[in-house]
Amino acid sequence: MRADLPPGGKRPRRTVARQAGSYHHGDLRQALLDAAQSLLDERGLEGFTLRECARRAGVSHAAPAHHFGDAAGLLTAFAAEGFRQLSAMMRAYRDKATASPQAQLRAVGLAYIDFAIGHRARFQLMFRYDRLSPGDAGLEQAGSEAAGHLSTTLAGALAERGLDGQGQDFERRLLLAWSAVHGFATLLLEGRLDGWRGRQSVPAFASRTGDDVLAVLEVALLAPPGAGTRRRSRGRTA
């Protein structure tokens, strides 16, 4: 017999209090974030309103202010959650890859692309700082954690080749890596690569071609310092 049941073996019926324009959530904050997800997926960022988000969550239009303050606050929390999800995906891809520093670097790049394809609305919002709360600590921390995966794996791949993972040269390589994967993902999401994609599905194209792009990118990322400069100099004097 269940020890948590009252005498007679029957559990008292619970009632959920409802009032016009309100709903008692177990987790109102998460309910609003879930509503933001559905609204952004359906209407995009330009169609997002705090009032509609509240309606979908089943609460009064004033309820979101208690957790997020305003629309920018809700979108900022939603974007921060996106960076945390991106970090989790990067960790998962790294765990599946071999321990080789170059394989770890490739895994982070593929995770970035796959996250963008699988979470279009959230990914696009994460870099729309004109719609987010500037200087939000949670957003900055989550973004730094995701960026740390790219920085750490790139430094590891460079160290394997006896190259420095610090300083101005490293910062340029890091910028190139981020620009390449972000640019590829964005072009794909915006349909700018449809001519290359043909009849392939977006995920299939992203996996196959994304891997090829990363392979070419690694040649530049892991080249000795000044290699490109020497090649340009030889070209001008030829």
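These numbers were taken from a predicted model, which means no experiment stands behind them. Heavy atoms only: backbone and side chains are in, while hydrogens, waters and symmetry mates are out.
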Quiz item: Applying ring pair (Phe, Tyr, Trp, His ring centres under 6.0 Å), which residue pairs with at least one partner in residues 74-102 are found, sequence neighbours left out?
Solution: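 Pairs touching residues 74-102 that pass the test: Phe83-Phe127.
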Can you name the closest pair of heavy atoms from [X] and [Y] and give their distance?
X      : Y      : value
Ala31  : Ala57  : O-CB, 4.0 Å
Leu222 : Ala157 : CD2-CB, 3.7 Å
Leu150 : Thr153 : O-OG1, 3.2 Å
Ala103 : Thr98  : CB-OG1, 3.2 Å
Ala36  : Cys53  : N-SG, 3.6 Å
Ala80  : Leu139 : N-CD1, 3.8 Å

Self-check item: Pair Val213-Val181, side-chain contact (heavy atoms from CB on, under 4.5 Å): steps then yes or no
Solution: CA-CA 9 Å; Val213 168; Val181 292; over 6 Å; no
Counterpart residues, salt bridge (Lys or Arg N to Asp or Glu O under 4.0 Å), relative to [X] (two or more places apart):
X      : answer
Arg172 : Asp169
Glu145 : Arg91
Asp212 : none

If you look only at distance, which donor and acceptor atoms sit under 3.5 Å apart when one is on a side chain in residues 63-71 and the other is two or more places apart or in another chain?
residue: Asp70; atom: OD1; partner: Ala72; partner atom: N; Å: 3.3
residue: Asp70; atom: OD1; partner: Gly73; partner atom: N; Å: 2.8

[atom2] on [Y] to [atom1] on [X], rounded to 0.5 Å:
X      : Y      : atom1 : atom2 : result
Arg120 : Leu188 : CZ    : CG    : 9.0 Å
Asp164 : Phe170 : CG    : CZ    : 9.0 Å
Leu50  : Leu39  : CG    : CG    : 10.0 Å
Met89  : Asp114 : CE    : CG    : 6.5 Å
Leu214 : Leu110 : CG    : CG    : 5.0 Å
Leu193 : Leu187 : CG    : CG    : 5.0 Å

Quiz prompt | Test item: side-chain donor near acceptor, Glu42 and Gln37, under 3.5 Å | solution =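 Not at all, the side chains of Glu42 and Gln37 share no donor-acceptor pair under 3.5 Å.
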Quiz item: Have Glu218 and Gln102 got a donor and an acceptor in their side chains that come within less than 3.5 Å?
Solution: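 The answer is yes; a qualifying pair exists.
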Quiz item: Checking side-chain contact (heavy atoms from CB on, under 4.5 Å) for the pair Leu221/Leu174: CA distance, chi angles, key distance, verdict?
Solution: CA-CA 8 Å; Leu221 288 177; Leu174 186 60; over 6 Å; no
If you define the side chain from C-beta out and look only at heavy atoms, does anything of [X] sit under 4.5 Å from [Y]?
X      : Y      : result
Tyr129 : Pro134 : no
Pro225 : Leu163 : yes
Thr152 : Val108 : no
Leu86  : Met126 : yes

For [X], check side-chain hydrogen bond (donor to acceptor under 3.5 Å, both in side chains) against everything at least two apart and list the hits.
X      : result
Arg29  : none
Gln141 : none
Glu52  : Arg55, Arg56
Trp178 : Tyr112

Test item: [X] side-chain N/O and [Y] main-chain N/O as donor-acceptor pair under 3.5 Å:
X      : Y      : result
Ser151 : Ala147 : no
Gln104 : Arg94  : yes
Ser179 : Leu176 : no

Identify all side-chain donor-acceptor contacts of residues 203-210 below 3.5 Å with residues at least two apart in sequence or on another chain.
residue: Arg208; atom: NH1; partner: Gln200; partner atom: OE1; Å: 2.3
residue: Thr209; atom: OG1; partner: Phe205; partner atom: O; Å: 3.3

Exercise. Not counting sequence neighbours, list each pair that qualifies as a side chain to side chain donor-acceptor pair (under 3.5 Å) and has a residue in residues 76-89.
Key: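 Pairs touching residues 76-89 that pass the test: Thr76-Ser133, Glu81-Arg122, Gln85-Arg122.
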Quiz prompt | Results of side-chain contact (heavy atoms from CB on, under 4.5 Å) for Asp194 - residues two or more places apart only | solution =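 Checked Asp194 against side-chain contact (heavy atoms from CB on, under 4.5 Å); matches are Arg197.
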Practice problem: List the steps and the verdict of side-chain contact (heavy atoms from CB on, under 4.5 Å) for Arg128 and Leu45. | Solution: CA-CA 10 Å; Arg128 284 290 304 271; Leu45 185 56; 3.6 Å; yes
Practice problem: Return yes when atom CZ of Arg51 has more than 12 non-hydrogen atoms of other residues, nucleotides or ligands closer than 6.0 Å, and no otherwise. | Solution: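 12 or below, so no.
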Exercise. Apply side-chain contact (heavy atoms from CB on, under 4.5 Å) to the pair Leu189 and Val202, showing each step before the final yes or no.
Key: CA-CA 9 Å; Leu189 289 177; Val202 171; 5.8 Å; no
Self-check item: Intermediate values then yes/no, ring pair (Phe, Tyr, Trp, His ring centres under 6.0 Å), His119 and Phe123
Solution: CA-CA 6 Å; His119 304 83; Phe123 176 78; 9.6 Å; no
